[in-house]
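Everything on this sheet refers to the single structure shown next.
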Amino acid sequence: MSKGLPKRSEDYSLWYNELVKRADLAENSAVRGCMVIKPYGYSIWEKMQAELDRMFKETGHTNAYFPLFIPKSFLSKEASHVEGFAKECAVVTHYRLKNADDGSGVIVDPEAKLEEELIVRPTSETVIWSTYKNWIQSYRDLPLLVNQWANVVRWEMRTRLFLRTAEFLWQEGHTAHATREEAIQETEQMMNVYAQFAEEFMALPVVRGRKTANERFAGAEDTLCIEAMMQDGKALQAGTSHFLGQNFAKAFDVKFAAKDGKLDFVWGTSWGVSTRLMGALIMAHSDDNGLVLPPKLAPIQVVIVPIYRGEEELNAISAKANEFIKALRRVGVSVRFDDRDTHKPGWKFAEYELKGVPLRIAIGPRDLENGTVEIARRDTLSKETFDLSTQPIEQKVLDMLDEIQSTIYSKAFQFREEHTTEVNSWEEFKEVLENKGGFISAHWDGTGETEEKIKELTKATIRCIPINQKLEEGTCVLTGKPSSGRVLFAKAY
RNA sequence: CGGGGUGUAGCGUAGCCCGGUUAUCGCGCCACAUUUGGGAUGUGGAGGUCGCAAGUUCGAAUCUUGCCACCCCGACCA
């Protein structure tokens, strides 16, 4: 492990890439565009999964699993859906290899061509709705509230660890309802679940909003989203929840008999978050010393580092450390005692900072003598000597973990507020975007043409029309046409 | 996929323009000793298909062609 991460201020991209690799989160694989999520990175994803899964179940959803492959014909049943995904699909055309005649290795057996090609799912609406047709006959079968944890493939041209990979892990919820209102309510509910997860667990403040028609999911009538801001001022779409109307029900002929006996198409939603959340988590809080993890998602919340000379001292310290470990585990805190003799304390300090462990407790002979320990916070890098006689260690640790969780949220919130600017003229728009970055709250005339034009001119897109939109009469920042409310613009990941 | 750049030990690199002994240095790794409250020090040691494949040449890390991967900038996107 070499010293020193690149500085955020010098090269944000490089800092991000290096951090992901050096903190042992993920690395590029031998397969183009696909990453290996390493054990430490995966354990953070597992924490996220566990919380999200719990929240999905609390809102009445159950998990299921659908096939990785989708018959090509399914994809084309919903016109705008196929249009949106066709350009980035991996396709399976054969089912067998054979040895090459010239002995140069294996080749695809031309005899083994599939009658119908299979698409590796870029998302599962089509295969799921084709299944729902069989599951739904009556209003009694509704609502159908299903989620799946899966991998999907979108053949991206330019990939970045966690933020955009050709294969990624995610969850996709797919629900079916008897009424339009109920489906809309579900769409809103799941956006709120995502927002709550982001804010409460990831310590990541998000803007809840609605996508414009241009940015909407292919096949949806309405797309709700949560948008977060990264430390370089760019926006990151952290989750989306789509109201599908009756689009997929019509495409796959999914009808139900209502109470009055009339047949109608069912109403659908779909919603997802992906391993991209890992990217958001990393970029939102970390610093030039490495990762900063919110305690609620940190695989290791506390690390205990002994400082000793000789076996006798280590034994005395270990006895103390084991007391702490027992007490901490009893209250649900995850602890690691790093008594490896192969690395020195200073090395360990740097290592756990790089990995974002929220709290570090150092115990040395001096502490044993004084009845103290040294507690260091990752978020502020501050250290204090804690007198063990003042309160139980587990109480102290729980308090500090809470404190860290709320401090990093506040810091991210304050950053976002400072980097959200209301602008009223085109000159101001360009100036703020170029020099300050962040979110720009501005009036827009509501047309796709203007949105496109602004994107062409500045690379900024409308991130969302916030749910709590500031409604006021104004004029479009580009065209001067009338507008009834402000929308959020930003350069985005 | 278009423009630019890079690829030499696990990581970071020198050498390449101008072909010629045993491919440079640092970190890391292994052994031993001394060390341990912020990334230890010394001594000794191991580790290389010079991205891959063809070609030019008596001779290729170095020149030519093709391919692959990664990084930056565009287009596309969770």
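A, B, ... follow the sequence lines: proteins, then strands. Residue 1 opens every chain.
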Q | Full working for side-chain contact (heavy atoms from CB on, under 4.5 Å) between A/Met283 and A/Tyr493 | A | CA-CA 11 Å; A/Met283 286 200 290; A/Tyr493 275 99; 3.6 Å; yes
Q: For A/Glu353, report the nucleic acid contact type (base, sugar-phosphate, nothing); a contact means any heavy atom under 4.0 Å.
A: base
Q. How long is the line joining CD of A/Glu156 and P of B/C76, in whole Å?
A. 12 Å
Q: Give one of base, sugar-phosphate or nothing for A/Gly279, where a contact means two heavy atoms less than 4.0 Å apart.
A: nothing
Q: Enumerate the residues from residues 298-315 of chain A whose closest heavy atom to RNA chain B is under 4.0 Å, giving them by residue number; use none for an empty result.
A: A/Ile307, A/Tyr308, A/Arg309
Q. Given the side-chain rings of A/Phe248 and A/His174, with only the six-membered ring counted for Trp, is the space between their centroids under 6.0 Å?
A. no
Q. In whole angstrom, what separates A/Asn28's CG from B/C71's P?
A. 6 Å
Q. For the side chain of A/Phe168, counting heavy atoms from C-beta on, which of B/G37, B/A78, B/C76 is nearest?
A. B/A78
Q) Under 4.0 Å: is that the gap between some side-chain N or O of A/Thr275 and OP1 or OP2 of B/A78? A) no
Q: Taking only the side-chain heavy atoms of A/Arg360 (C-beta and beyond), determine which of B/G37, B/G38, B/A78 contains the nearest atom.
A: B/G38
Q) Is any side-chain N or O of A/Arg22 closer than 4.0 Å to OP1 or OP2 of B/C11? A) no
Q) For A/Lys436, does the NZ atom have more than 12 heavy-atom neighbours from other residues, nucleotides or ligands under 6.0 Å away? A) yes
(Q) What I want to check is whether the side chains of A/Asn214 and A/Glu451 have a donor and an acceptor closer together than 3.5 Å. (A) yes
Q) So what does A/Lys87 hit on the nucleic acid, given a heavy-atom distance under 4.0 Å: a base, only sugar-phosphate, or nothing? A) nothing
Q.
Heavy atoms from C-beta onward define the side chain here; which of B/C70, B/A78, B/G39 lies closest to that of A/Trp347?
A. B/G39
Q: Answer with base, sugar-phosphate or nothing: what part of the nucleic acid does A/Ser29 contact at a heavy-atom distance below 4.0 Å?
A: nothing
Q: May I ask you to check if A/Arg276 and A/Phe162 form a cation-pi contact, with NZ or CZ under 6.0 angstrom from the six-membered ring centre and within 45° of the axis?
A: no
Q) When the distance from CE of A/Met35 to P of B/C71 is rounded to whole Å, what number comes out? A) 13 Å
Q) Starting at the 5' end of RNA chain B and moving along, which residue's nearest nucleotide shows up first, A/Lys455 or A/Ala362? A) A/Ala362
**Q.** Distance, C1' atom - from B/U8 to B/G51, rounded to whole angstrom
**A.** 10 Å
(Q) What contact category does A/Arg32 fall into here, base, sugar-phosphate, or nothing, at under 4.0 angstrom with non-hydrogen atoms? (A) sugar-phosphate
